[in-house]
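Only this structure's heavy atoms are used, side chains among them; waters, hydrogens and symmetry mates stay out. Chain A is the first sequence line, chain B the second, and so forth, proteins listed ahead of strands; every chain is numbered from 1.
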There are 2 protein chains.
Amino acid sequence: MASSVRDVAREAGVSVGTVSNVLNRPEKVSPSTIERVTAAIERLGFVRNDAARQLRAGRSRTIGLVVLDTRNPFFTDLAHGAQARTLDAGFTVLLGGSDESSEREAALLDLFEEHRVAGLLISPVRTDLSRLRRLREAGTPVVLVDRGSSDLSFSSVSVDDVEGGRVAVQHLIDIGRKRIAFIGGPLSIEQVAQRFKGAQTATAAHADVALVAHSTNALTVSEGRRIGEQILAVPAGDRPDAIFAANDLLALGVIQALALNRSLRIPDDIALVGYDDIDFASAAAVPLTSVRQPATEIGATAIELLMREAGGDHAPEQVVFQPQLITRFSTLGQSAHEASRGQPTEV
Amino acid sequence: MASSVRDVAREAGVSVGTVSNVLNRPEKVSPSTIERVTAAIERLGFVRNDAARQLRAGRSRTIGLVVLDTRNPFFTDLAHGAQARTLDAGFTVLLGGSDESSEREAALLDLFEEHRVAGLLISPVRTDLSRLRRLREAGTPVVLVDRGSSDLSFSSVSVDDVEGGRVAVQHLIDIGRKRIAFIGGPLSIEQVAQRFKGAQTATAAHADVALVAHSTNALTVSEGRRIGEQILAVPAGDRPDAIFAANDLLALGVIQALALNRSLRIPDDIALVGYDDIDFASAAAVPLTSVRQPATEIGATAIELLMREAGGDHAPEQVVFQPQLITRFSTLGQSAHEASRGQPTEV
DNA sequence: TCGCAAGAATGAAACGATTCATAATCGGAG
DNA sequence: CTCCGATTATGAATCGTTTCATTCTTGCGA
């Protein structure tokens, strides 16, 4: 049923080489021949077989992207940015979610490796990068996304998560909170660890401020809800007066849980800061103060670094964006609607 | 750098055929040979070349999924369902977003066709299905998702959108609204047209209820915001007293826009119903009444139909799920927190 | 008319895994 | 000790595209 260049060649009365040239270097072929071949292609409904093409080329025209969670709008936006930046170059982005599981991540890498992807963008689950190192040595350019490369051995596009954690918690301290809960996990995820470290940095300078970590199994709405319920179960006097969630999904889950107790108010009783500033944060039941990361730009930049890496044997390059605290009702309450004080405020 | 079966064969002192057998039918190979080959593979870091494998096989082990918007959580969930259902079968889902553009959709189909995908799941932009028909005739099973096949010529998994539109608007009528605005578009998208049709059905029986359609260019938050602002600009007396948005993203945009006018209240002045019941609907600034579709299940079922279609030459099969109205604050106001009246209510 | 350079077209070889008809090997029955 | 069937292993052929060293055409100047 499916026709090949050979069929097209026969139909057009030319050689297979010529058909290939029409497809790939039309400037090498005379106009009349091009037309004849094009007509034959049309008539036969010929469609290039990508597998054969790749086999010959040795590499695919696909770039693998492994993220922690394909349902998290932050990563969706990141993927969108990568995709867009990739279109013109004629590449395709193959997206996979590791669901924060090392096994799933390994399976995706297997898949991408068998696919001979032209490059790999990854937000790794574990800190161990040996497999990525091997991959790169085998000739596949690798760029870490949303995550720095501590030893600078990889190119990476990230946001300063320590700083992000710091400004989030500093903000909570600024509005007078003393008993701060950090929720997020597992800590094996670099981003989570860094944000927590930033939180510690901020509290370190204040002897009267306590920071307690609640570990989650994943960065999802339902985990947020779970921890939220746990916090609700604590006697009112012992509850934290502020929560810093490692991402917005967790924070939204917390909002949902806290809404169950109608006498508890955000931010009066508990202030809340999220992370990522996904689109839904500003439209949340309680508009969420959050640390914004430029998701789309991260994706686009990662592709750029990848291309550069694929070009020559560049030294790895680190791009670090600065996070930006967006304050809203969940920490400022009514005053969120008033003029901002140097910090960006959005309603 | 990359090694082939030939290298492995040499290293293990066997023939290429045997290596292939170890990989694909180990039961045909003696244990000792398996071990020798496995060791060689390990030593060489051999990774199967998928392109070569596919070339020989004629088809890839990939299933293409084309959705309208990769950033819409509804489709993300749908993709997740498909992915999950596909894993065991050893297939991969390749996800692409058409962004509601026919050109982009065509480009994705080109890509998938060159890839010789094993099957195609698609939520088409246009009503014209001729290309899909051709694709199927060429041997690629096709299943429509989130969209019925009016002439029953394709297998499809959908939700009864007419009914969904009807219950949404009936609910608005039940709570006493008379001037209802439908927002959504373009109408060339089947789902949107169906939901509107359902809305008309509901209003038809009530002479005193008016239905006005506001056409959007896309089903996104920003388009929702735009229409919301338009509605705000209308003199208070002429404004609709209810809005039915064709999806939740639009509805969230409307909420954001209406929030600009602090004297206008949801649902008192304008009630609002969305569609899809994405996770964020319940956590929205105004918890959103919405028509729920079982996104994950749709994806999973679509894969099942696809497999069946790929098996024998089945007659096309239509699976239609029933939508479910979830009522929340955006239509019921305070009473949303009270006991439900037969209709599912969630807070 | 001949020779020649530039332009166009050719087709065999190569990419790497899989298949399958054929060959080798082995163990046990007679 | 042979022979036979069953179990394993072999390797050439194949999938479809691209590449590239060759060959074939042209048109034109000498």
For [Y], is there any backbone N or O sitting under 3.5 Å from a side-chain donor or acceptor partner on [X]?
X         : Y         : answer
Gln318(A) : Phe154(A) : yes
Asp77(B)  : Phe74(B)  : no
Asp128(A) : Ser130(A) : yes

Rounded distance in Å - [atom1] ([X]) to [atom2] ([N]):
X         : N       : atom1 : atom2 : result
His115(B) : dG16(D) : NE2   : C1'   : 15 Å
Arg10(B)  : dA17(C) : CZ    : P     : 12 Å
Lys28(B)  : dT18(C) : NZ    : P     : 16 Å
Glu35(A)  : dA8(C)  : CD    : C1'   : 17 Å
Ile34(B)  : dT7(D)  : CD1   : P     : 15 Å
Arg6(A)   : dG11(C) : CZ    : C1'   : 9 Å
Arg36(A)  : dA9(C)  : CZ    : P     : 8 Å

Distance below 4.0 Å between [X] side-chain N/O and [N] OP1 or OP2:
X        : N       : value
Ser4(B)  : dG16(C) : no
Asn49(A) : dT17(D) : no
Thr33(A) : dA9(C)  : yes

Does a side-chain N-to-carboxylate-O contact under 4.0 Å join [X] and [Y]?
X         : Y         : answer
Asp110(B) : Arg48(A)  : no
Arg133(A) : Asp151(A) : yes
Arg43(A)  : Asp7(A)   : no

Side chain of [X], heavy atoms from C-beta onward: which of [options] has the nearest atom to it?
X        : options                   : value
Ser30(B) : dA9(D), dT10(C), dT10(D)  : dA9(D)
Leu55(B) : dT17(D), dC15(D), dT10(C) : dC15(D)
Asn24(B) : dA9(D), dG16(C), dT18(C)  : dT18(C)

With a non-hydrogen cut-off below 4.0 angstrom, is [X] in contact with a base, only sugar-phosphate, or nothing?
X        : value
Ser20(B) : base
Arg48(B) : sugar-phosphate
Gly17(A) : base
Thr18(A) : base
Arg25(B) : sugar-phosphate
Asp50(A) : nothing
Val19(A) : nothing

**Request:** Record whether the side chain of Arg56(B) comes under 3.5 Å of the base of dT18(C) through a donor-acceptor pair of N or O atoms.
**Result:**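 By the distance-only test, yes, there is a pair.
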**Asked** Does Arg116(B) or Asn21(B) map to a spot on DNA chain D nearer the 5' end, using the closest nucleotide for each?
**Response**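 Here Asn21(B) is the residue nearer the 5' end.
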**Asked** Taking the nucleotide of DNA chain C with the closest heavy atom to each, which residue, Ala52(B) or Val16(A), is nearer the 5' end?
**Response**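 Result: Val16(A).
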